[in-house]
Structure formats: structure tokens, C-alpha cells
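All of these numbers come straight from a predicted model, not from anything done at the bench. We name chains A, B, ... by the order of the sequence lines, and we start the count at 1 in each one.
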Amino acid sequence: MIPRYTPSEIEPKWQEKWAADQLHKVTEDTSRPKWYALTMFPYTSGDLHIGHWYAMAPSDVHARFKRMQGYNVLHPMGFDAFGLPAENAAIKRGIHPLTWTMQNVENMRRQLKSIGACYDWSREVVTCLPEYYRWTQWLFLKLLEGGLAYRAKAPVNWCPNCQTVLANEQVIEGVRCERCDTAVTREDREQWFFRITRYADELADHSRIEWPERIGIMQKNWIGRSDGVEISFGLDRSGVEEKEIRVFTTRPDTVFGVTFLVLAPEHPLVAKLTSPERKTQVEEYIAASRRQTEIERLSTEKEKTGTFIGAYVINKLSGERIPLWIGDYVLLSYGTGAVMGVPAHDSRDFDFAKRFGMPIRVVVAPPGWSGEELETAHIEPGTMVNSSQFDGLPSESGKEAIADFMEKKGYGKRVVSYHLRDWLISRQRYWGAPIPVVYCNACGIVPVPETDLPVLLPADADFRPTGESPLLYCRSFVNTSCPRCKGPARRETDTMDTFMCSSWYFLRYASPGYDRGPFDAKALDYWLPVDQYTGGAEHAVMHLLYARFFIKAIRDLGLVPFGEPFTRLFNQGIIVAQKHKMSKSRGNVVNPDSYVSELGADTVRAYLMFIGPWEQGGEWDDRGINGMSRWLNRVWHLVLQGQETALPGVAPDQGAARELRHRTHKTIKKVTEDLGKFRYNTMLACLMEFSNHLGKVLAEGYADAQSWREASDALLLLLAPTAPHLAEELWDRTGHAYSIHQQHLPQWDEELAAEEQITFVIQINGKVRDKVMVPASISEAEARDLALSQPRVKAFLEGKQLASVVYVPQKLVNLVVK
RNA sequence: GCCGAGGUGGCGGAACUGGCAGACGCAACGGACUUAAAAUCCGUUGGACCUAACGGUCCGUGUGGGUUCGACUCCCACCCUCGGCACCA
């Protein structure tokens, strides 16, 4: 009698045994190749929803697959625990962020354990604990020492709701807070920055990593390198010491088409250059543009605005006098904060010129142009006209010629501009790692000595957001003495962006308890870099860019021997419910816990992988998961039924036995290949086909004991990464030694896996007219003769001329007739 | 607007390098088992048409064109969905 498949009993049983045996604990072992399989650690927001499972379960399958291929696999898990949500929850519920966070960690750890993943929990990392953030602070000091961290006053994104500044990457579409969707404002503040821009070109280079192309493109776009020329326009104004205004352009070929210059309203020269009679107008305009939200200001639909400031500059190439304007479509933060207006060849300048009635002079002629007015700006290349000695040049080479000329004359120089800004890491909030710096009236900015780390986050701070860091009001924290002169000093009260914590957590996993540094160099050398990183694409220009920068920075400080943290990256898609992204407000969040207790973790794991290609995501369907549960049930009964059945030593049907072995080896091959490429849906489809065949074999009783055993064992081994509990239980029940997860994947025999018989297709004029089973070794002549001798083919060829025969080995012949 | 991914039965999806479109699963329908239902097992299932039946013909992978003996696959133009970026000079 075959017992029922009861995941609710076998899953906890094996989980406990694996934990007790420390089956998933790993250590450095130079006798085996290592594999570092990392999944982005979750933020401690409360509950794991099915989206977390979609990230964790398939990556666990891959880690298990690598382990069964003989790798020494490091597969750790931890928690990203600092950050605003904890603080906001704390304010709302009146509980301390640490309490809230650790409760969530507790619950999420329990949920993660129910997944049955092979995490080495002894390496768990929680970023909000002093034993971790001590080293976050230590690394900050190293960056400061190396000149990669600096303090500066700059216009920054301010979220009035979160009451903190945000990095550019955390501002969606340049206008909204990533966390709370509130419109951000611009404020001038003294803040800490990391010099990520120094690494712009290296970050744009993905040639040494195997990442999805689209992430590379996203990072490249974000970095936004543009090669251009900084052109000097002459300024001659009594009482003004500046003798030029520099503009950045990628189109030096259009410099003879400049009919005006526009400065950003905040440009420092505006006040100096505005003529007395334009003063009122200009001041009004500046005030108006300050009043606007970033949303209004950056709207591309908005009509261009601006005003003349009553001053002129000289175009050094043409000698022309050019009026100076201000306009809020020019951004102070990009290039030089000033642009040359070339309305004929730039659509923004075109709009501006139309609005204010300025001349539009064509200097790059569109094909077939004969002097008529343009309807829109001509942005494409063309032939240069109205450009003095450069007339007649194709604009592409004109670009170079003018750049050369300007460099020679000292009118300008080639420069590179980036969209990427330095990474702003200060946050005016409580729940983060304190920035380990002290301000002393005598000594200025003084780093906290390494031996005084960690700078502990005081437990008793009043963490209501006020726009200033809550730590500012915690006198016992703020008041300190200068480490250098021992005089009175005050601590930095801002905390670090949490992306700083997640920029190095994967290093900590290599030696989590290490207390003489952030990591033990020996362990680091063995495990790092991460071989396979998996996670959502939403981190493309945040976490993934920051972490790459961070590693390059500490590489240059001599702390790590590599420059890329994640050799391979895979981005899973998004799992949706009822066609929509899951969200609490929509009420379509799928909680995995009830499915786990009803159907089992193995079913949930397998179902998530079966929905569709992992990188494309898919739709959670309550009915669909039943099919997976049924299949695992069938596997259960099939394997145990085979175990109970007394199969003959010699197969009653040799052909059928050979077919079984063929299918076994074909399946091993396909499943192994699919697992390696994260093609889980087809991997499972293949295993289903295989088990369907095994069902038939068993029902019809034509297998011998040995071939059956081979097939049944292969099925379990191939299923082990996906359904670890079921596979372990059946492995045990079929008399194998514990544990299936310490076994090697079965090897396939190419000869057995290859098809002996193939379905050969006979086409006439490209249409399938007949199919015949033939040996795979069939030759062209045989195939052709066979095709022509088929009765159906003969009937089709009746009264027609055979024009040619196309032969595709192992596939088909196509008879072309007239 | 720009960049990227995608569009295949009632649904999720498969199809290696241009060679049998729809694997595998869900749902649905029919049958077996059952007093009955659930569960389970067996079968049918892209559309239209021809045939008493066996079987066969035509159409069909977002739209329109092209290349080819042959196109879901390659090329050109376009439509739609999703993701990212967006006054970056």
C-alpha cells in the first residue's frame, strides 16, 4: 500500500534534519571549484510575499544545481535592515525601529526557512546591527582617507514628506521620491558625497562581466557620457572680471548658427551681467522659476520661458554679437549651466527662438535645401553652409574641423560631460549608520578613529522627522570631544544612505564573524567575486551601480583584489496577480504561507518556475498551482509504485527497454542544459514528459529492473534542486543513503540520448504531405528514393514535373514540382 | 520623443542554427470508479470545410509588404502592451 504524499509532514521533517546536520554549512575547500550564488537580500519590510519567493526559490534551485555539479557553493542570506520604512513604521506605531526591524527579521527568517532553500544560515548578515555597521563606517573612513568621500554644499533633492535629501537615483523621473512618491524640491545643503563620477567610464564598461545587455544599456544611459566641446564666448563688460562665458555643446559644427545664449536662471553670472533696465524683469523671472516645482519646471510639454538680461557676448568664430538670455530649460547642474542657442539645429532652441522671435539661421543644410525657412529644427547631419571657411564640409567632419580650429585658437576645448552626478549619501534620518565624523571648531572635519568604531546609534533618540537629523537633538550623541585636539566638538548627525550598507554586504558573507576588519582577506580571496547574482532589474541604476562603484573604489584603496563584484547577473521578471503588479493598495498580494501549508513548499517552488521564463515573470494563477501539486503527487506514486513492483531482470521487450534508457538519457541532457540557463519552465515540462512516459512503462510492465532503477533515480536527482523535500523523501524510501543533496547529477550518455528513429518529413512545394519513421542515419539518396516511393507522394506528383529536391539531413526532403 | 523587451489556441506558455506550429500545464468537455460528490484514472480539445467512416483539404503565430524550395523565426514599414530614460545642450 502506497502512503499518501503529505508535504506538511515531510517538509518540516527534512528541514529539521538538514539544519541539525548542518548540511548547508560551507567552508573554504580548495580541492573543489567554488561557486558564489547570491540573491539580493530582502528589505525588512514585514512579510515575504510571493514576489520574494519568485526571487529566492529559482535562485536556490540554481545554487543546488551547481552543488550537484560538484561545486563548493556559498549561498548566503541576510537582511537589508536600515532605512526609512522602519523609521516610518516606528513613528506610526510608536515602537522602536530596532524592535520593528528585528521582529520582521524573525518572521522573514521563518518564512525563508519554509522555502527549503540551501542557505548557510550561519553566515546571516543584518545591516542594522553594530557588528555590521561598524564596518560600514570603517569603509566610509577608508573612502574619506582615499579622497573618494567629500563634503560639499550643493543643490540637492529634498523630499518634504520623508524630510530628507535623496540621491539622484532615488528620484523617479527627476521629480518624485522613490519611497513615497512626493514631489521633491531643490535645496542647497552641505552634504556628504562619494566620487562615483571618477569611475564613470569604467562603470559604463561591461566588457568584463556577463550581465543582461539591457542592464548594461540602462547603466550606460544613466551615466550618459557625451563627448563635446566647451566653447568660450567673449565677454567685455566694465566692472566684470570674467572675460568669457563657456558653453558645452556636442555640436560645434553648428557654432555659426548661434543666435542667442541661454544661462540657467541660477547661474552665478546672471546677477553681475543683468543691465539696470532689465533688472526687475530678470529678478521676477528668477523668483518665478524658483517657485515652480521640479515637475512643472521639467515638463517637456511646457512652453519655453525666459527673458533677456540686457547683456551680450561675442561669438569668437564669427565675431558676431550675441544676446544673453536666461531660461529655465537650461539646467545649472549639467555642462556649464549655459547653452548656445542654435535654433535651426536643436528643437529646444527652435521653440525658444520661435517664442521670442529670434533669427533662425541654417548652417547645416538638409539634403536638397535651397534657402527656405525650416518648419522644425534640422537635427540630422548635412552639409555645412553659412560657416565661413567650413562651408561645404559634411557636418560630421565639420564637427572635428571646428573643434580642432577652436583648440588651436584657444576658443574652446574638447571635454566629456556626464549625466551621472556624485553619489549623495547623507540622510537626515535616524535609522541608518551614523557618519563617523566629528566637527571641531579648531580642527574642522575630523574622522572618528578606527578604534572608536562603531559610532553607535543612540537607542533613546527622538526620531520624529523635523527636517534636521533626529540625532541633532540627542545631546549625549552630538556633544563629544575632538579626537585630535581633545577640545569640545560635535558629531555629524546625518546617517548614511542604506545603499551604502548594501554595497558591500556580499563581502561580509565570506567571513561574517570576522572582527578585525570588514572581511578576512583569505576567505575573500576564496569566495569572491560573486559568480552568479540574481535579483530584480529595478536596481539597475541604484544598488547595482553603487555596488560596482564601491568595489572599484575599495579596489583602488588596496582592500580587494578585484574590480567587479558580480561576474554574472540574472534578472528575474515580475510576478503579477490578476494582470497587475501586486500591491497592498490593490489588495492582490499573494501570501505564500497558506500555499506552503496546504500544498507544500516544493509545489510552490516548482509552480513559480513553471509559470513561464524566469526573466519574463508571469501571472500567479490559483488554479494553475493545482496542476503542479497533482504532478508531484504523480511522481510520488510513480516512484513508490516502481519500488513495490517486482520487475524482471531481463526486459520482456528489448525495444521498449531501450526506448526507456533513451528517454532517461535524453531527459538528463535536456534538464541539465536547461538548469544551467535558468530555463526552468521547459526543464519541468521535460521532466513531466519523462514521468508521463514512466507511468506508461510501469502500467504496461515492459521494463527491466535495472533500466527502471536508472530512470527512477535520474528523475529524483533531476528533481532534487526544484523539489528538495520530495526528492529527499523518495530517495530515502527507495533505499538510497542520505542525502540526495550530496549526490552528483547523473551523467548522460550521448549515444543513448541521441535519437535512433526520426520522423522524416516529406514536403511538396514546402507543404507537409507525408511523414515516415526512418533510422536517423538515413542518407540523402535513400531519403529521396523513399520520398518518391510514397503512394501519397506519387498521387501528388501525378502529371507534374519534378523541378528540384531540397534535402535537409535528419529533417526532411522538399520536392519542388511544376 | 529616445532606448529595451514582448505580441503564438479559451488561458500560461513551447518550437535548437530558417525545416512537422501549438510540447508541457491550466481550463473545458466526454468516459471510468463512487449511493453521490471530491480526489484519482482514461480520452477529446486552434478554426473552417469535405467524408457514412478511415481519412483528407484549406486557413492560422499583432498588421501590411518582401526574401526563400520553405518564415513564429530573416529584411522593410506600421500598430499595440510592458519596462527604463527624458529640456543632458
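Between B/A71 and B/G19, the two P atoms lie 11 Å apart (nearest whole Å).
Taking the side-chain hydrogen bond (donor to acceptor under 3.5 Å, both in side chains) definition, one finds that A/Glu756 meets it with A/Arg658, sequence neighbours left out. Applying the salt bridge (Lys or Arg N to Asp or Glu O under 4.0 Å) test to A/Arg623 and every residue at least two apart in sequence or in another chain returns A/Asp621. Partners of A/Glu750 under the salt bridge (Lys or Arg N to Asp or Glu O under 4.0 Å) rule, at least two apart in sequence or in another chain, are A/Lys669. Judged as a salt bridge (Lys or Arg N to Asp or Glu O under 4.0 Å), and not counting sequence neighbours, the contacts of A/Glu210 are A/Arg568. In this structure, the salt bridge (Lys or Arg N to Asp or Glu O under 4.0 Å) partners of A/Asp346, at least two apart in sequence or on a different chain, are A/Arg348.
The side chain of A/Arg679 contributes an N or O atom lying less than 4.0 Å from OP1 or OP2 of B/A15. Between B/A15 and A/Lys811, no contact under 4.0 Å exists linking OP1 or OP2 to a side-chain N or O.
For residues 682-692 of chain A, the pairs satisfying side chain to side chain donor-acceptor pair (under 3.5 Å) are A/Trp631-A/Ser691, A/Asp674-A/Thr682, with sequence neighbours left out. Annotation: side chain to side chain donor-acceptor pair (under 3.5 Å) contacts involving residues 212-225 of chain A, sequence neighbours excluded, comprise A/Glu169-A/Trp222, A/Asp201-A/Arg225, A/His206-A/Gln219, A/Gln219-A/Arg548, A/Arg225-A/Asp227, A/Arg225-A/Tyr418.
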For nucleotides 64-70 of chain B, tabulate all protein N/O to nucleotide N/O atom pairs closer than 3.5 Å, reporting atom names and distance.
{"unit_1": "B/C69", "atom_1": "O2'", "unit_2": "A/Asn814", "atom_2": "ND2", "d": "3.4"}
{"unit_1": "B/C69", "atom_1": "O2", "unit_2": "A/Asn814", "atom_2": "ND2", "d": "2.3"}

Measure all distances between protein nitrogen or oxygen atoms and nitrogen or oxygen atoms of nucleotides 22-27 of chain B, and list the pairs falling under 3.5 Å.
{"unit_1": "B/A23", "atom_1": "O2'", "unit_2": "A/Glu689", "atom_2": "OE1", "d": "3.4"}
{"unit_1": "B/A23", "atom_1": "O2'", "unit_2": "A/Glu689", "atom_2": "OE2", "d": "3.3"}
{"unit_1": "B/G25", "atom_1": "OP1", "unit_2": "A/Asn692", "atom_2": "ND2", "d": "3.2"}
{"unit_1": "B/C26", "atom_1": "OP1", "unit_2": "A/Arg630", "atom_2": "NE", "d": "3.3"}
{"unit_1": "B/C26", "atom_1": "OP1", "unit_2": "A/Arg630", "atom_2": "NH2", "d": "2.7"}
{"unit_1": "B/A27", "atom_1": "OP2", "unit_2": "A/Arg630", "atom_2": "NH2", "d": "3.0"}

